[in-house]
Structures are given as C-alpha cells and as structure tokens.
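Written out below as structure tokens is the structure these notes cover.
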Amino acid sequence: MSSRFPLFRKRDLLVFVLAAVLAGAGFLSWMPQNGAPTAVIEQNGEEVRRITLSSITQPETLVLEGEISVTILLEPGQVSILHSDCPDQICVHTGALTRPGQSAVCLPARVAVRIVGEISSGIDGMTG
Amino acid sequence: MKLSLSSAKKWTVIAAALTILLVAILASQLLFSQTSAGYEATSWAMGSYVQQTLYGGEEEDTATKASSAITELENLISWRVADSDTEKLNSAAGTDWLELDERTINVLEQALSVAETTDGAYDPTILPISALWNFDSDEPTLPEQEEITSLLPYVGYEFLRINTEENTASLRKHGNGVDLGGIGKGAACDTALEIYQESGIDGGIIAVGGSVGVYGSKPDGSAWRISVRDPEGKAEDGLGVISLQEGCVSTSGSYEKTFSQDGVTYHHLLDAKTGYPAESGLVSVTVVHESGAVSDALATACFVLGIEDSLPVLKEFGASALFIDEEHHITIAGELEFEQISTSYTVSRQSL
C-alpha cells in the first residue's frame with residue numbers, strides 16, 4: 001500500500017483510539033451510578049452525601065451535626081456509623097456496610113446510611 | 001465545496017469513530033437499564049426508616065402513593081397522634097362504642113386474632129404497661145413494682161371488642177388502652193403491597209423498620225432475598241438470607257430498644273402477663289406470613305412464648321419462623337428457605 005492516500009494512516013488510527021478511549025470512559029463513568037455499590041447518606045430525609053464505595057481511597061469521617069450527632073466513617077469499599085450520641089447504639093452495632101441492600105439506621109438522629117447498586121448477587125432487604 | 005480525497009477520508013474516519021462512540025454509549029445504557037437497581041424511595045414513618053425499591057411501571061408515582069398511604073395509616077392507628085382513631089378509642093375507654101375508619105378496624109381485628117390465638121402473648125391492650133416503661137422516650141427508667149401491679153389488671157385483649165359490620169370498636173374499662181406498635185409496621189407493609197398490586201408495577205419491596213413485604217417479581221425473576229441481621233452485629237453480611245416469592249417477614253429482637261439500670265438490661269418486648277420484658281431464652285424471632293400485620297404481631301407473640309409454645313401458633317396461622325436463642329442456636333420452624341452465612345451460629349430445623 002504505497003499509494004499517496006493509504007486507507008489508514010497513523011493519524012486515522014489515532015482518531016479511532018481516541019474514540020475508543022472516550023467510549024470506554026463514557027461507559028465507566030456511567031457504570032458506577034448504576035452498578036457499583038454506592039453509599040447514600042441521609043439526614044432528616046435529605047440526602048447529604050452519595051459516594052461510590054470503590055472511589056474512596058482513604059478513610060474519611062463525616063460528622064452530621066444535630067440534636068443527636070452522628071459520625072460516619074467512609075473507608076475504601078465500606079461505610080459504617082462510627083459514633084452516635086443516641087442511647088441505644090443499634091446503628092453503631094450494625095457494623096460496616098459493603099453490599100447493596102445493606103443499611104444502618106440511627107432512628108433517634110434520623111440518620112440513615114444505605115448501599116445502593118446492582119443487587120442481583122446481593123440482597124433486596126433486611127429484617128431484624 | 002470541494003473536498004480533497006484525504007480530507008474526505010478524514011471526515012469519514014471521524015464519522016465512523018463518532019458512530020462507534022455513540023453505539024458504545026447506547027449499548028452501555030441498554031445493558032444497565034435491563035439490570036437496573038430499580039427505583040428507590042425512602043421516608044420516615046411509624047417511628048421507622050421506610051425503604052421502597054420498585055421495578056417496572058409507574059414506579060415513582062406508586063412509591064409516593066404508598067408512602068402517603070402509610071402516613072395516613074399511622075395517623076389513624078398511632079396512639080401518640082392526637083385525634084387518631086386509636087387515641088379516640090383510648091380516650092373513650094369505659095364509655096361507648098366508637099365508629100372508626102375501616103383501615104383501623106382491619107388492623108384491630110388482625111391484632112385481636114393474634115392475641116386470641118396466642119392467649120395474649122401478643123396483646124394490643126398493653127398500653128397501660130408499655131406507656132409506663134416508655135421505651136421510646138429519651139431516658140426510659142425501671143418502673144416501680146407497685147405501679148406495674150396496679151396497672152396489670154387493665155391489660156387484657158378481652159377488653160377490646162370489635163364490630164366489623166358497623167366498623168365500631170370499644171374498650172370496656174376506663175383505664176384500658178390500645179398500643180398498635182407491635183403490629184403497625186407490618187400493617188404498613190400490607191398497605192404498600194396493596195398499592196403495588198393496584199398500580200400494576202412488575203415488582204416491589206418495602207421495608208418499614210424490621211418488617212419487609214415483597215410483591216411481584218424482580219427483573220431477573222429470582223426470589224427476593226431478605227438478610228437477617230446478626231443480633232450481635234458482628235457478621236457484617238448478616239446471619240443469613242431468607243428467600244421469599246411473596247408475603248412478608250418481620251423480626252422482634254430483644255436488642256432493638258433497650259436501656260440498662262443497675263447493671264440489668266431491659267428490652268421492649270413486654271410480657272402482658274407479668275408487665276416485665278419477656279424472658280424466653282430468645283434473642284430474636286423472625287416470622288414469615290402472607291400478611292405483614294400478622295407476621296409482625298406473631299414475631300412479638302413467639303418471642304414471648306418461646307420456641308416450644310410458638311409451634312402450634314405458627315401452624316395455626318400457616319406461618320414459618322426463625323428463632324435465635326441466647327446459646328447462639330438458630331431454630332427454623334416450618335417451610336422457610338434460609339441460607340446461612342454467619343458460621344458463629346448452629347442451625348436446626350423443626351417441623352410444624
């Protein structure tokens with residue numbers, strides 16, 4: 001193929017690679033919102049934070065101030081209620097949440113942490 | 001405009017690249033919409049966190065309707081709500097029959113049915129005692145023995161009378177009181193499931209605190225999987241998973257509402273016979289039944305009764321149950337699909 005206009009030049013290949021990368025990026029940026037486990041943190045019915053668990057790279061605490069203050073610990077791949085001023089401590093005892101369908105609720109503080117995402121391999125709800 | 005051959009080819013390549021990009025994005029959207037996580041809605045009602053996940057149909061509209069219907073039900077049956085049916089019934093105790101909303105009568109009737117079958121192990125007229133312990137307050141304290149002794153005679157399901165034809169009810173003695181806290185969350189699940197059915201969505205799951213109801217099917221057609229919480233909170237993935245095709249599941253656990261005084265921990269599952277927290281060697285009971293209200297009330301009743309005395313009751317209602325005792329043993333009674341996850345508990349099965 002020594003024609004003056006070969007079917008593909010290196011530059012054309014570059015455009016294809018660029019398109020493929022863009023498509024891949026689009027695919028990946030779309031996926032976490034729908035598939036990957038995502039922590040949703042609510043206080044008094046308002047969503048205060050939504051974060052994909054896999055995107056957490058180092059531990060972070062989130063303090064939700066209120067009549068009853070609650071501290072939430074975000075870690076790579078998991079989220080837990082670290083501390084609550086509530087009397088029963090059920091929320092703290094729930095432990096770390098890692099999978100869609102899991103939730104930890106502090107009723108007195110009206111704070112809820114739940115994991116949403118693709119649940120075909122996980123659970124749909126919790127009792128107890 | 002005249003394009004050179006190289007320029008025309010360049011545009012062709014760009015167009016092709018854009019097409020690939022578009023197809024890839026569309027394909028990813030299609031792929032994920034088919035395995036979608038469903039429409040989720042959360043709210044607070046009945047003193048609990050309410051979670052709904054709906055699939056296929058008018059999901060948002062249906063979730064909103066279900067949420068409002070649950071709040072309406074709460075405003076009818078909660079004794080704490082001023083002017084609720086239950087508050088009116090309690091205020092009129094010892095006087096006349098009252099005409100009440102059909103929804104209230106329905107819940108009262110289910111409550112009475114479980115109370116009669118369990119000989120008061122679940123008792124909707126526990127209010128004089130439950131209000132005394134007041135587990136929902138910020139700082140509950142141990143009541144005096146004399147107070148409990150003086151109020152116990154006012155507790156008894158036989159004081160509650162219901163006329164389902166006229167939608168009326170009455171409490172016989174002044175001082176009687178109804179507390180539907182042990183059945184309300186389950187009844188709320190029933191309310192949501194009715195709305196799911198009417199709205200024609202493909203499937204949905206509702207959780208009101210520890211009561212969960214399922215309707216229809218998920219996009220992949222698999223059974224609904226309900227995780228049973230580890231009472232000690234150690235196993236992060238829960239004790240195990242109950243699979244349900246339809247119906248409701250409710251749990252009563254001694255770890256839910258507690259307080260400690262003088263080194264003793266008191267829990268909220270009161271025995272209407274003694275006026276004190278039930279001691280049956282159990283930590284929690286999970287009951288599966290087609291009706292949420294019945295599963296909720298039975299969970300309390302079975303906790304009070306203990307395993308052995310619960311078996312005939314479960315059989316009578318066509319329910320199944322999972323008991324967790326203080327010895328870290330799980331007893332599964334009746335037909336119940338349970339997949340164990342935590343290995344720190346032993347499991348046995350008991351036929352009904």
Side-chain angles (χ1 to χ4, degrees), chain A residues 4-9 11-13 15-20 22-24 26-28 30-31 33-35 38 40 42 44-45 47 78 80 87-90 92-103 105-108 110-112 114 116-120 122-128, chain B residues 5-6 9-10 13-14 16-18 20-21 24-25 28-29 32-33 35-38 40 42-44 47-49 51 53 138-139 205 207 210-212 214 218 220 222 224-239 241-242 249-251 253 255-259 284 286:
Chain A
R4 203 178 148 210
F5 302 112
L7 194 58
F8 285 101
R9 278 187 188 167
R11 208 178 51 189
D12 302 336
L13 197 67
V15 174
F16 268 114
V17 168
L18 195 71
L22 275 175
F27 185 84
L28 286 174
W30 210 84
M31 197 172 69
Q33 297 162 28
N34 297 275
T38 301
V40 179
E42 293 171 278
N44 293 320
E47 189 174 311
Q78 64 180 49
S80 53
D88 55 33
Q89 299 291 299
I90 292 171
V92 175
H93 292 147
T94 302
L97 313 175
T98 56
R99 294 182 180 186
Q102 291 179 323
S103 59
V105 177
C106 185
L107 270 180
R110 288 171 87 87
V111 166
R114 61 198 169 94
V116 300
E118 175 55 50
I119 51 164
S120 62
I123 54 164
D124 301 298
M126 291 193 82
T127 184
Chain B
L5 186 55
S6 75
K9 203 177 59 132
K10 187 173 82 185
V13 168
I14 290 174
L18 284 173
I20 292 171
L21 182 71
I25 289 174
S28 71
Q29 297 221 356
F32 283 103
S33 67
T35 55
S36 94
E40 296 213 17
T42 61
S43 54
W44 297 86
S48 304
Y49 187 54
Q51 278 180 278
T53 307
D138 290 340
E139 286 177 18
I205 179 164
S211 284
V212 180
V214 304
K218 290 194 283 179
D220 65 1
S222 64
W224 300 92
R225 290 163 59 81
I226 320 293
S227 169
V228 180
R229 217 180 272 275
D230 177 2
E232 292 175 359
K234 285 178 188 157
E236 65 180 41
D237 287 332
L239 272 193
V241 176
I242 291 176
V249 49
S250 297
T251 299
Y255 50 86
E256 288 169 59
K257 291 175 187 168
T258 62
F259 71 88
S284 83
T286 299

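In this text the structure is predicted, and so the values were computed from the model without any measurement. Protein chains get the first letters and strands the later ones, always in sequence-line order, with residue 1 at the start of each.
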Atom group of A:S103 that falls short of 4.5 Å from chain B, counting heavy atoms
both
Which answer fits A:L107, side chain, backbone, both or neither, if we ask what part of it has an atom under 4.5 Å from a heavy atom of chain B?
both
Select one option (side chain, backbone, both, neither) describing which atoms of [X] are under 4.5 Å from chain A's heavy atoms.
X      : result
B:Q51  : side chain
B:I226 : both
B:T286 : side chain

Hey, are A:R114 and B:Y49 close enough side-chain-wise for a donor-acceptor pair under 3.5 Å?
yes
Closest contact, heavy atoms only, [X] versus [Y]:
X      : Y      : result
B:V212 : A:M126 : CG2-O, 3.2 Å
B:D220 : B:S222 : OD1-OG, 2.8 Å
A:Q102 : A:A96  : OE1-O, 4.4 Å
B:S227 : A:I123 : CB-CD1, 3.4 Å

If we define contacts as heavy-atom pairs under 4.5 Å, which of [options] has the most with chain B?
options                    : result
A:Q89, A:R110, A:E47       : A:R110
A:D88, A:I90, A:V40, A:N44 : A:I90
A:S80, A:A112, A:P108      : A:A112

Counting heavy-atom pairs under 4.5 Å to chain A, which of B:V249, B:V214, B:T42 comes out on top?
B:T42
Distance-only, no hydrogens or angles: does the A:T127 side chain make a donor-acceptor pair with backbone N or O of B:S211 under 3.5 Å?
no
Any donor-acceptor N/O pair, B:D230 side chain to B:L239 backbone, under 3.5 Å
no
